[in-house]
**Q** 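A single structure is presented below for examination.
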Amino acid sequence: MSRPRVVIVGAGFAGYRAARTLARLTRDRADITVLNPTDYFLYLPLLPQVAAGVLEARRVTVSLPGTLRGVRLVLGEADGIDLDARTVRYVDPEGGAGTLGYDRLVLAVGSVNKLLPIPGVAEHAHGFRGLPEALYLRDHVTRQVELAAAEEDTKSCAARCTFVVVGAGYTGTEVAAHLQMLTDRLARRHPLPGGLRPRWLLLDVAPRVLPELDERLSRTADRVLRARGVDVRMGTSVKEAMRDGVLLTDGEFVPSRTLVWCVGVRPDPLVEAVRQPLEHGRLIVDPFLRMPGRPDVFACGDAAAVPDLERPGSFTPMTAQHAWRQGRVAAENVAGSLGLGRRRRPYRHRDLGFAVDLGGVRAAANPFGIPLSGPAAGAVTRGYHLAALPGNRVRVAADWLLDAVLPRQGVQLGLVRAWSVPLDTASPELARVPGGPERPAVPAGEELMTHKPRPEEPVKPEPGGEPAKNQPGGEPAKNQPGGEPAKNQPGGEPAKNQPGGEPAKNQPGGEPAGAGPDHPAPGPVKRTDPADPADRANEPD
């Protein structure tokens, strides 16, 4: 008798935990396959430390083949799901198509950047959901300070050293806290003319920092940020983004070359194409994490609306803590449904508290409801991350030790260009490359289970050599309705400047971006769809 086949789509917190637990429970009595765009699990909570240069990039990545023994890894992105035929279609990193059959399916595709219909944001802002975005932001911020130090014009210098973060949730707060410390160190090494100091703005329409967390954590974070000189503005957001600055909702124009978008996330749009009942874009599942009417399909993490049994009538929030624990329950229930493990059980949780790393020795934490701040919270936060990391603990601890005793290396690596990490992207975990395959764009409501590759028509450049901008009829991006990033056109023109004004130049291999039809250098365009009434400028991270 053949072994049952289990396919897990996604290897984030939920997918990785599901695969690891299922491999332990089944003990080679099932064929377990993980479909994921990368060969690593990304520990997102430490990503701000990568952007700030505290940790090297590989420290927050955990090898899937190296830690998931007995699990087969297939590199690719899910392209379609046929629930009746029990198959998952995917596109591999080189554009090839494949199909995986399953007896049990676990959907753990996670979430992507949430883009609101604000003019200019898609063109001039960058998100913070993947390793490429963190590496780009680190280079970009370093470059702005170095360029500012050589500026003779005071206004231009001030604009380069003004950094705007939108979204004061978990991610935005940590990004502002860590990168503010980085720019202060860089400014000491590269003195700015006129005694200027780097300026950071943290914006949110919410009434306080960390609106989704305990008020005591919020007050601690707010106090630390303001003491460091961060301009925290609650009840304020971006009305329009431009290359040379941002217009705020209160009417003020802030000259800046940097806009970091951390307003929240939305479930991966593959979820919509499954054509099953949704709750705010998430698949509705029962307390056992099964899809109603589909006992062979499970969903967990950010992709699933899981009933909160502790608060009847509500659903668990989209947090890493929930995703990690749901992955384990999903694996146990899958094994139970195959007769290979313990009995099925519903998902129940108890909040263990939260920890927000504010850089250096400062943090805000409430483990088991006990509010902490200062060095004590910093120690608890780092201890929590070391315990939660499924690998690389010694390397992470060594980097923390070295950062405490040695000066940080403020250099640009130049590995990721602005056009490689557009905000409106289907896959924030992957940097775009010239001529690389892209995940197909699928508008909300369009059937993906019968998807066929779409021919891509070149967009002609506008007169005068500028790369073509927004074109009518453009297909919307997979992860955001109405906004597929346009590609730079043939003819050797550089990609449209991103925040900081740096055009994409020669790519690896010596060919200029946009050198031919096979080597497009994509850049984002504006959303053209009507605003979703459910969209708000403040979403939980």
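Bear in mind the structure is a predicted one, so any value in this text is a computation, not a measurement.
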**Q** Counting only N and O atoms by type, is there a donor-acceptor contact under 3.5 Å from the side chain of Ser63 to the main-chain atoms of Tyr40?
**A** no
**Q** Does Val306 reach the side chain of Cys300, with side-chain heavy atoms less than 4.5 Å apart?
**A** no
**Q** Going by the rule salt bridge (Lys or Arg N to Asp or Glu O under 4.0 Å), which residues pair with Arg197 if we only count those two or more places apart in sequence or in a different chain?
**A** Asp184
**Q** Please confirm whether the backbone N or O of Leu210 pairs with a side-chain atom of Arg208, one donor and one acceptor, at under 3.5 Å?
**A** yes
**Q** Please enumerate all residues that pass salt bridge (Lys or Arg N to Asp or Glu O under 4.0 Å) together with Arg395, with sequence neighbours excluded.
**A** none
**Q** Can you check whether Pro119's main-chain N or O pairs, donor with acceptor, with Glu240's side chain at less than 3.5 Å?
**A** no
**Q** Has Arg282 got a side-chain atom pairing as donor or acceptor with Ala304's backbone, closer than 3.5 angstrom?
**A** yes
**Q** Are Ser156 and Glu151 linked by a side-chain donor-acceptor pair shorter than 3.5 Å?
**A** yes
**Q** Assess the residue pair Val166 and Ser237 against the criterion (side chain to side chain contact (heavy atoms under 4.5 Å, CB included)); give the C-alpha distance rounded to whole Å, side-chain angles, the decisive distance to 0.1 Å, and a yes or no.
**A** CA-CA 7 Å; Val166 185; Ser237 190; 3.8 Å; yes
**Q** Between Tyr136 and His140, how do the two ring planes meet: parallel, tilted or perpendicular, split at 30° and 60°?
**A** parallel
**Q** Regarding Gln144 and Thr258, do their side chains bring together a donor and an acceptor under 3.5 Å, going by distance alone?
**A** no
**Q** Cut-off 3.5 Å, no hydrogens considered: what does the side-chain donor-acceptor table look like for residues 396-405, sequence neighbours left out?
**A**
residue, atom, partner, partner atom, Å
Asp399, OD2, Glu56, N, 3.2
Asp399, OD2, Arg59, NE, 3.1
Trp400, NE1, Gln49, OE1, 2.7
Asp403, OD1, Arg408, NE, 2.9
Asp403, OD1, Arg408, NH2, 3.3
Asp403, OD2, Arg408, NH2, 3.2

**Q** For the pair Ser256 (side chain) and Thr162 (backbone), establish whether a donor and an acceptor sit closer than 3.5 Å, ignoring hydrogens and angles.
**A** yes
**Q** Using residues 8-21 as the side-chain source, report each donor-acceptor pair under 3.5 Å to any protein atom, sequence neighbours left out, with the distance given to one decimal.
**A**
residue, atom, partner, partner atom, Å
Tyr16, OH, Thr67, OG1, 2.8
Arg17, NH1, Trp324, O, 3.3
Thr21, OG1, Arg17, O, 2.8

**Q** Salt bridge or not for Arg143 and Asp139, using N-O below 4.0 Å?
**A** no
**Q** Do any N or O atoms from the side chain of Glu133 and from the backbone of Gly130 form a donor-acceptor pair under 3.5 angstrom?
**A** yes
**Q** Ignoring hydrogens and geometry, is there a side-chain-to-backbone donor-acceptor pair from Thr249 to Lys239 under 3.5 Å?
**A** no
**Q** If you define the side chain from C-beta out and look only at heavy atoms, does anything of Val60 sit under 4.5 Å from Leu42?
**A** yes
**Q** Distance-only criterion, 3.5 Å: show the donor-acceptor pairs between side-chain atoms of residues 227-236 and protein atoms not counting sequence neighbours.
**A**
residue, atom, partner, partner atom, Å
Arg228, NH1, Leu358, O, 2.4
Arg228, NH2, Leu358, O, 3.0
Arg228, NH2, Gly359, O, 3.1
Asp231, OD1, Arg233, NE, 3.4
Asp231, OD2, Arg233, NE, 3.1
Asp231, OD2, Arg233, NH2, 3.0
Arg233, NH1, Glu252, OE1, 2.5
Arg233, NH2, Glu252, OE1, 3.3

**Q** Are the side chain of Glu77 and the backbone N or O of Pro37 linked by a donor-acceptor pair below 3.5 Å?
**A** no
**Q** Quick one: does any side-chain atom of Asn366 pair with a main-chain N or O of Phe354 as donor and acceptor, under 3.5 Å?
**A** yes
**Q** Under 3.5 Å, is there a donor-acceptor pair between the side chain of Tyr90 and the main chain of Asn36?
**A** no
**Q** Please enumerate all residues that pass salt bridge (Lys or Arg N to Asp or Glu O under 4.0 Å) together with Arg58, with sequence neighbours excluded.
**A** none
**Q** Going by distance alone, is a donor N or O of one side chain under 3.5 Å from an acceptor N or O of the other, for Arg129 and Ser111?
**A** yes
**Q** Yes or no on side chain to side chain contact (heavy atoms under 4.5 Å, CB included) for Leu55 and Tyr43, after CA distance, side-chain angles and deciding distance?
**A** CA-CA 12 Å; Leu55 295 176; Tyr43 189 75; over 6 Å; no
